J.: 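Let me begin by handing over the structure; questions about it come next.
It should be emphasised that the depicted structure is a prediction, and the values quoted were computed from it without experimental measurement.
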Amino acid sequence: MTKSSPTALRFAYKGSRLKPLRAFCQVTRLGSISRAAEALFLSQPAVTLQLQALERELGVRLFERSGRRLTPTREGDLLYAMARPLVEGLDNLAASFREQVRGLDAGELHVAAGSSTILYLLPGIVEAFRERHPDVRLSLHNVTGASGLDLLRGDGVDLAVGSMLDVPADLSYAPVYRFEPMLIMPPEHPLASKRDLTLDDLSPYGLILPPKRLTTYRMVDLVFQQNRVPYTVALEVGGWEVIKQYVAMGLGISIVTAICLTEADRQRLVARSLARWFPSRSYGIVMRKGKFLSPQARAFVELIQPELLAPRAHDEGGHSER
């Protein structure tokens, strides 16, 4: 048997680089070699050897232990951001190819969005998508906050549409629409005839707000606290439609986003802009960094923001999320 040269060994290893990269991505995602081995139908020693080979070639340490969980080092995070789209792209190559050949004549699209987004923002977009792609089965998942992000991270949905204040490092958020913050009250309310409102004007009256875990409540609390103005919450309830109904009944006043106000609302409520005190609220597209978008998902995104997926000159050397 002829002795293999180092060059030949190096070439052979690089020819099978997908396996250690796939193992690395699974360990990063699951935080455990044993769980990654189960997902890959491999033995734990096999996964360990693949990780060690990858660390030797790159000359860095990719993981560190945090309790019982393996967490990526700074270098591991960088490699994961680069390797995940490559691994997923190759693993999904056959299915993606069939989808591209078949086009948008069939398939499914799953979108996560909160109630306000589904009710006020998406109807026109959904209508246009259905007209263009009638054979695509579109599923809107009515979820908010962490539940929607968990679905996105777990591939339960293709993308999410909504509002975000804090964007996690593994996700990208492209704001598309902006809406002013509005104070709403019944026409007979003492503040209804007052044009120049201050936070002190609002202080004596009970507020009707969404639950504390949601963005609106957090923003209201932050602004009042920063300006050292006391406030009271008369009622905590979910859903803009419920809040508007209770305000119209005289049970309190509320601070809402202009997205939820319709012409019918303006006949039963008085609305005043609070843009002087509160920031405008953005709504946009949330995607997982490095995720391969199906043709159906790309078509939906392009309806919302066509330029988001357009190639840019500075991206020719490689895609950047920044």
Side-chain angles (χ1 to χ4, degrees), residues 25 28-29 80-81 84-85 88-89 92 95-96 99 104 107-130 132-133 136-179 181 210-219 238-241 256-260 279-310 319-322:
C25 287
T28 302
R29 186 174 70 88
Y80 186 59
R84 184 170 184 172
E88 290 187 350
N92 297 327
S96 300
E99 285 184 353
L104 286 168
E108 296 183 354
L109 175 62
H110 294 264
V111 178
S115 298
S116 60
T117 304
I118 293 174
L119 187 59
Y120 308 114
L121 187 63
L122 288 184
I125 296 167
V126 169
E127 183 180 22
F129 185 83
R130 295 291 301 133
R132 297 186 188 188
H133 314 293
V136 176
R137 181 178 177 180
L138 175 61
S139 297
L140 298 178
H141 299 253
N142 189 352
V143 289
T144 57
S147 298
L149 299 186
D150 288 343
L151 274 179
L152 187 59
R153 291 187 174 107
D155 289 329
V157 295
D158 298 281
L159 55 97
V161 181
S163 180
M164 294 192 76
L165 285 179
D166 306 312
V167 184
D170 61 327
L171 302 177
S172 66
Y173 174 58
V176 182
Y177 308 98
R178 288 196 174 274
F179 299 92
K212 288 184 179 180
R213 69 179 186 278
L214 299 184
T215 303
T216 298
Y217 193 111
R218 291 161 52 200
M219 183 56 66
W240 292 129
E241 290 301 313
V256 302
T257 305
I259 186 178
C260 76
S280 61
R281 183 83 165 269
S282 69
Y283 284 76
I285 303 163
V286 187
M287 295 183 289
R288 202 185 72 205
K289 288 183 179 178
K291 179 177 175 60
F292 177 83
L293 289 181
S294 68
Q296 294 87 350
R298 292 181 68 88
F300 195 85
V301 170
E302 286 170 355
L303 279 174
I304 301 175
Q305 190 177 24
E307 65 274 16
L308 184 60
L309 299 178
H319 179 70
S320 173
E321 295 291 345
R322 298 290 180 185

J.: Do R130 side-chain atoms and V136 backbone N/O form a donor-acceptor pair below 3.5 Å?
T.: yes

J.: Looking at every heavy atom in both A169 and K289, which two are closest together, and how far apart are they?
T.: O-NZ, 3.0 Å

J.: Work out which heavy atom in P211 is nearest to a heavy atom in Y217; give both atom names and the distance.
T.: O-CB, 3.4 Å

J.: Working to the nearest 0.5 Å, report the span between CD of E127 and CZ of R132.
T.: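 Those atoms lie 11.5 Å apart.
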
J.: Please tell me if the side chains of R218 and D166 come closer than 4.5 Å, counting only heavy atoms from C-beta onward.
T.: yes

J.: Given the rule in the side chain to side chain contact (heavy atoms under 4.5 Å, CB included) test, do D155 and K291 qualify, once you have shown the distances and angles that lead to the verdict?
T.: CA-CA 9 Å; D155 289 329; K291 179 177 175 60; 3.2 Å; yes

J.: Distance check, rounded to the nearest 0.5 Å: F292 atom CZ versus E88 atom CD?
T.: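 Reported value, rounded in 0.5 Å steps: 10.0 Å.
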
J.: Can you give me the closest heavy-atom contact between C260 and Y120, atom names plus distance?
T.: CB-CE1, 3.5 Å

J.: Starting from the C-alpha separation in whole Å, work towards a yes-or-no answer on side chain to side chain contact (heavy atoms under 4.5 Å, CB included) for V161 and V111.
T.: CA-CA 7 Å; V161 181; V111 178; 4.0 Å; yes

J.: Which atom names give the shortest non-hydrogen contact between I118 and A113, and what distance separates them?
T.: CD1-O, 3.5 Å

J.: Which atom names give the shortest non-hydrogen contact between L121 and Y283, and what distance separates them?
T.: CD2-CB, 3.8 Å

J.: Of all residues at least two apart in sequence or in a different chain, which pass the side-chain hydrogen bond (donor to acceptor under 3.5 Å, both in side chains) check with S163?
T.: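 Partners of S163 under the side-chain hydrogen bond (donor to acceptor under 3.5 Å, both in side chains) test: R281.
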
J.: Atom CG in D158, atom CG in L109: separation rounded to 0.5 Å?
T.: 5.0 Å

J.: Is there side-chain contact between V256 and T216, with heavy atoms separated by less than 4.5 Å?
T.: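 The answer is no, as the side chains (C-beta and beyond) never meet within the 4.5 Å cut-off.
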
J.: What is the distance from atom OG of S172 to atom CE of M287, rounded to the nearest 0.5 Å?
T.: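 The OG atom of S172 sits 4.5 Å away from the CE atom of M287.
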
J.: Check D170 with R153, please: is the shortest side-chain N to carboxylate O separation under 4.0 Å?
T.: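 Salt bridge: yes.
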
J.: For the pair F179 and S280, evaluate side chain to side chain contact (heavy atoms under 4.5 Å, CB included) and give the outcome as yes or no after the intermediate values.
T.: CA-CA 5 Å; F179 299 92; S280 61; over 6 Å; no

J.: Assign the ring pair F129 / F300 to parallel, tilted or perpendicular, where the plane angle (0 to 90°) is split at 30° and 60°.
T.: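 F129 and F300: perpendicular rings.
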
J.: Specify the closest pair of heavy atoms between Q296 and G107, including all atoms of both residues, with the distance to one decimal.
T.: NE2-CA, 3.6 Å

J.: Rounded to the nearest 0.5 Å, how far apart are OG1 of T257 and OH of Y177?
T.: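 Output value for this atom pair is 15.5 Å.
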
J.: S139: what forms a side-chain hydrogen bond (donor to acceptor under 3.5 Å, both in side chains) with it, not counting sequence neighbours?
T.: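 Result, side-chain hydrogen bond (donor to acceptor under 3.5 Å, both in side chains) vs S139: none returned.
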
J.: Do P279 and M219 touch side chain to side chain, with heavy atoms closer than 4.5 Å?
T.: yes

J.: With a 4.5 Å heavy-atom cut-off, do R288 and L149 have their side chains touching?
T.: no

J.: If you measure from CD1 on I285 to OH on Y173, what distance do you get to the nearest 0.5 Å?
T.: 9.5 Å

